[in-house]
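Take a look at the structure set out below.
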Amino acid sequence: MNKKFMDPALRPEERAKALLSEMSLEEKMGQVSCVFPFDAVCFDFDYISENTKQGIGEVSTLEMRRMETLEKAAQWQRRVQEIVMGNSEHHIPAIFHMEGLCGAFIQDATSFPSGIGRGSSFDVQLEEKIAEIVSRQEAACGITHVLAPVLDISRDSRMGRQGETYGEDPVLAGALGAAYTRGVQKGETAGRRTESVAKHFLAFHNSEGGIHGANSMTPERTLEEIYGKPFQAAISESGLRGIMPCYCTLNGEPVSASRKLLTKLLREDMGFDGLCVSDYGAIGNVHACQHVCETAEEAGLLCMEAGMDIEMPNPAGYNEKLAAQFAEGKADMAVLDRAVLRVLTAKFRMGLFEHPFALQSDELRSVFSREEDREVSLQSARESLVLLKNEGALPVSGNTKKIALIGPHADCARKFFGGYTQMCMMESTYAVANSIAGVSGSENVDNKEIITIPGTNIQSDETEEFDEILRRQKPDCKSLLEELREKMPDSEILYAYGYPIAGADTSGYQEALEAVQKADVVILTLGGKHGTCSMASMGEGIDAADINLPECQDAFIRLAAEYGKPMIGVHFNGRPISSDAADRYLNAILEAWNPSEAGAQAVAEVLLGEVNPSGKMPVTTAYHAGQLPVYYNHFHNSSWHQTGSIGFLNYVDLPHTPRYYFGHGLSYTAFAYSNLRISAAETAPFEPFTISLEVENTGKCAGTEVVQLYLHDAFASMARPVKELAGFVRVDLKPGEKKTVVFTIEPGQMAFLDKDMRWKIEKGKIEVEVGSSSADIRLTGAYEVTEDGWIAGKDRALYAKAAVQ
């Protein structure tokens with residue numbers, strides 16, 4: 001047997017080619033497949049052995065969520081890897097994969113705020129730190145495929161997965177996603193190198209009706225200019241090694257089976273050269289759900305020909321009948337070899353052949369956890385909080401005698417954890433109906449009799465088994481009630497449940513209104529539960545036609561306002577708060593999203609003025625679902641920039657303008673902008689230049705301003721947006737302190753697809769706007785591009801680099 005593939009001095013591609021040349025058809029088919037030890041069969045090692053007879057490409061680690069100790073998770077990985085390698089003729093190790101959006105699903109792992117909360121931070125450096133922690137903790141347990149970042153662009157709050165995204169803007173998502181990818185792939189843990197699997201390629205959140213996995217009719221320019229941009233950033237800037245396509249049918253093709261998307265666009269045009277893995281059940285869906293191809297194996301071959309390398313979580317299309325087609329010459333063996341070569345190359349890149357097993361004992365503990373890990377989560381929670389409104393009610397005085405704290409989130413720390421945290425994934429094991437795509441046990445919640453929140457089909461999670469999850473996973477995680485009582489020992493905190501996360505139940509009103517009557521200040525926790533399965537009000541597969549606060553919460557706000565007390569709303573969810581009652585009656589509104597394990601501390605610190613809020617809205621907030629989709633970077637003559645050629649400037653029953661603009665976020669201090677300088681009034685298409693300005697803290701407390709640079713092509717050969725975020729940076733300032741911000745601009749940032757679908761840097765005037773939000777512009781200017789230029793899409797600049805001096 002040729003052992004060339006075992007020589008670590010060779011490049012991964014060389015080793016992979018040497019190994020591929022020795023493999024049987026059966027062993028090859030194993031490498032493009034996955035095994036999913038789910039629930040009852042997780043510790044059935046005979047089941048695992050039976051389903052990895054010729055080895056396996058990937059192993060799902062979802063069930064690590066149930067394992068009560070870190071050591072058990074690591075031991076399980078070692079045992080499964082031993083079985084897989086023992087079954088493989090060439091002892092090929094498996095890639096173990098796990099979600100990474102909000103941290104690992106492993107006991108003692110650090111949990112982080114939701115994607116939309118991290119989008120609110122506009123903090124590129126912090127996102128890289130978060131990814132480093134996720135990578136280290138998963139790699140310590142033998143996991144080398146991190147299923148993140150989520151690079152979806154979200155323009156529709158009906159979609160239940162909006163909270164997983166960085167928001168609506170491709171520059172923001174691109175910068176944060178590239179940073180996350182860099183953090184995952186930069187280091188090495190126990191000899192292993194993890195790789196990011198970015199998802200969900202492409203235009204997943206542009207599905208019709210805001211429905212999960214539905215048809216997506218997305219024009220080609222929008223597809224590449226908007227939805228493709230974050231993926232391009234991760235590929236071009238950070239060498240992204242993994243892609244997971246979305247479930248949607250896109251412009252008539254299932255994405256998982258589209259050669260145009262997975263090979264032509266992704267690999268040839270965008271320059272991706274890594275591994276493409278299916279979302280759970282996506283290949284089977286092509287035949288069974290999208291009704292493309294006569295058989296599952298035909299669908300499997302179509303997907304493999306398109307560029308899909310591994311089917312997850314179990315074989316459906318990459319089945320024995322497809323293997324027979326390869327054996328009989330009915331399918332081209334070169335298609336299978338191409339996929340297997342990519343899988344093996346990735347395994348050699350990851351260092352799996354030399355380091356296939358999770359760490360053990362003291363070494364496992366010492367590598368897995370570090371003291372600063374929670375501090376990173378706390379920093380992220382602090383920076384995620386967005387002050388939407390403040391009429392002087394915040395910060396709350398430490399001398400306040402009586403505070404009424406009301407709402408379903410106030411004394412339930414579990415509701416701080418959003419979708420794709422370990423907390424919500426463990427909660428899903430008690431769900432009576434599943435909403436996670438590709439996971440067994442799925443039922444239709446509407447057809448199952450369950451104990452629900454009154455007036456809804458949402459399962460109540462306020463029972464002992466759910467509370468036990470918190471005690472096991474995060475025993476030191478405080479509720480907001482506990483945190484405020486600890487921080488304010490001389491104040492009386494009057495707590496009442498008040499109302500649920502959904503529906504119209506008013507049974508808790510009386511106790512809560514009595515607390516309001518007695519209090520000096522009222523704090524209302526508002527919103528739903530961003531999680532998973534039947535006890536969440538939004539999440540994967542949990543979409544909504546109503547994006548506003550539930551009736552029970554709006555009605556309570558109106559009743560409580562009659563007492564004339566200062567009222568503060570703290571909103572928790574994966575979509576932004578949208579409420580007429582909140583806007584009218586609340587004196588302050590804090591958007592908290594899902595701040596995770598340090599959420600209570602972060603929220604309390606902002607409420608009391610110990611931390612100055614600095615978050616900015618990563619999405620445009622609609623008044624009503626009837627406005628959707630609504631986003632700031634729309635074309636001219638659209639949305640709230642409509643002109644007289646169309647008609648009225650508003651709906652007959654709503655404004656065209658949003659409730660809250662993209663980039664909006666208040667502070668306890670004030671910032672002044674001045675001295676805009678553009679280093680070149682004219683520039684050639686490939687000549688970088690700088691835009692600089694000064695920003696000063698003119699208030700009485702320290703704060704952080706997110707300076708936002710927007711560019712606008714004044715007149716172009718194709719329709720262009722009214723403005724586009726081009727760069728951003730966080731600036732920390734003490735009272736009276738002034739700093740200079742310098743953006744480095746490459747004209748190629750404003751490249752767009754011309755009439756021939758080439759990336760064009762077009763001559764003409766580019767208008768410059770700098771401000772505190774997309775609607776709060778403080779400084780303006782312009783520069784001129786002197787001539788046309790064309791560039792490969794993968795080579796264009798994607799956003800401005802920023803420096804603070």
Side-chain angles (χ1 to χ4, degrees), residues 1 3 5-6 12 15-16 19-20 22-64 67 72-98 105-106 138-147 189-195 197 242 275 277-278 280 309-316 318-320 323 336 339-360:
M1 182 182 295
K3 292 293 185 180
F5 70 86
M6 291 304 293
R15 299 177 71 183
L19 176 53
L20 177 64
E22 298 185 7
M23 292 171 64
S24 65
L25 171 62
E26 292 75 18
E27 202 174 14
K28 290 177 183 178
M29 288 299 295
Q31 292 304 303
V32 297
S33 299
C34 177
V35 65
F36 184 13
F38 182 74
D39 192 4
V41 301
C42 182
F43 285 98
D44 182 350
F45 296 115
D46 289 338
Y47 170 89
I48 294 169
S49 183
E50 180 66 22
N51 286 274
T52 62
K53 286 182 177 178
Q54 296 294 330
I56 204 75
E58 300 246 359
V59 175
S60 170
T61 63
L62 176 63
E63 292 308 333
M64 281 189 181
M67 298 177 192
K72 284 184 179 179
Q75 289 165 7
W76 181 85
Q77 188 275 346
R78 294 178 70 88
R79 179 69 183 114
V80 173
Q81 188 73 289
E82 288 171 352
I83 293 170
V84 169
M85 293 175 69
N87 283 346
S88 168
E89 180 183 350
H90 292 89
H91 306 293
I92 303 171
I95 298 171
F96 287 70
H97 67 254
M98 179 176 279
F105 299 166
I106 303 169
E138 295 196 2
C141 290
I143 297 160
T144 53
H145 250 172
V146 179
L147 305 188
T189 300
R192 285 182 289 278
R193 292 171 292 280
T194 54
E195 296 187 354
V197 178
L275 199 57
V277 302
S278 83
Y280 275 26
D309 300 314
I310 295 184
E311 178 175 17
M312 301 196 309
N314 290 306
Y318 293 5
N319 57 26
E320 292 181 357
L336 176 59
V340 175
L341 183 64
R342 290 173 182 163
V343 174
L344 297 177
T345 301
K347 291 183 175 185
F348 284 117
R349 276 197 312 262
M350 293 171 176
L352 287 177
F353 281 80
E354 287 72 41
H355 304 281
F357 300 115
L359 296 175
Q360 300 181 87

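Between N87 atom CG and I48 atom CD1 the span is 10.5 Å, to the nearest 0.5 Å. Taken from OG1 in T144 to NE2 in H355, the straight-line distance is 12.5 Å, to the nearest 0.5 Å. For the atom pair NZ (K3) and CD (E22), the distance works out to 7.5 Å, reported to the nearest 0.5 Å. F105 CZ to L62 CG: the interatomic distance, rounded to the nearest 0.5 Å, is 6.5 Å. The CD atom of Q77 lies 9.0 Å from the CD atom of E82; values are rounded to the nearest 0.5 Å. Rounding to the nearest 0.5 Å places CG of N319 at 9.0 Å from OG of S33.
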### Query
How far apart are the C-alpha atoms of E354 and R15, what are their side-chain angles, what is the distance that settles it, and do they pass the salt bridge (Lys or Arg N to Asp or Glu O under 4.0 Å) test?
CA-CA 13 Å; E354 287 72 41; R15 299 177 71 183; 2.7 Å; yes
#### Entry: Check against side chain to side chain contact (heavy atoms under 4.5 Å, CB included), L336 and M29
CA-CA 8 Å; L336 176 59; M29 288 299 295; 3.9 Å; yes
### Verdict with supporting geometry, K28 and Q54, side-chain hydrogen bond (donor to acceptor under 3.5 Å, both in side chains)
CA-CA 8 Å; K28 290 177 183 178; Q54 296 294 330; over 6 Å; no
### Query
Does the side chain to side chain contact (heavy atoms under 4.5 Å, CB included) test come out yes or no for M98 and C141, once each step is laid out?
CA-CA 11 Å; M98 179 176 279; C141 290; over 6 Å; no
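Shown here for P315 and Y318, the closest heavy-atom pair between the two residues is CB-O, 3.5 Å. Contact detail for S60 and P37: the closest heavy-atom pair is O-CD, 3.6 Å. Of all heavy-atom pairs between V35 and I56, the closest is N-CG1, 3.8 Å. Minimum interatomic distance between A139 and T194 (heavy atoms only, all atoms of both residues): CB-CG2, 3.6 Å. Across all non-hydrogen atoms, the minimal contact from A73 to I106 is CB-CG2, 4.1 Å.
When atom types are taken as modelled, the side chain of R192 and the backbone of F357 share a donor-acceptor pair closer than 3.5 angstrom. With hydrogens and angles disregarded, no donor-acceptor distance shorter than 3.5 Å links the side chain of E58 to the backbone of C34. For E89 (side chain) and G55 (main-chain N/O), no donor-acceptor pair under 3.5 Å exists by modelled atom type. Panel note: side chain E63, backbone F38; no donor-acceptor pair is recorded below 3.5 Å.
The one candidate from F5, F348, F353 that meets the side chain to side chain contact (heavy atoms under 4.5 Å, CB included) condition with P12 is F348. Under the side chain to side chain contact (heavy atoms under 4.5 Å, CB included) test applied with L275, the options H145, K347, E195 reduce to a single match, H145.
In this structure, D309 and V277 have side chains that are not in contact, with every pair of non-hydrogen atoms separated by 4.5 Å or more. Side-chain contact between M64 and K72: absent, with no pair of heavy atoms (C-beta onward) separated by less than 4.5 Å. Residues L19 and H90 are in side-chain contact: their nearest non-hydrogen atoms beyond the backbone lie under 4.5 Å apart. Residues I95 and L352 have side chains in contact (heavy-atom distance under 4.5 Å, counting atoms from C-beta outward). Within the 4.5 Å cutoff, the side chain of V340 has heavy atoms near those of the V32 side chain.
Between the side chains of E27 and S88, at least one donor N or O sits under 3.5 Å from an acceptor N or O.
Classified by interplanar angle (parallel below 30°, tilted 30° to 60°, perpendicular above 60°), the ring pair F96/W76 is perpendicular.
The ring of H97 has its center closer than 6.0 angstrom to the ring center of Y280.
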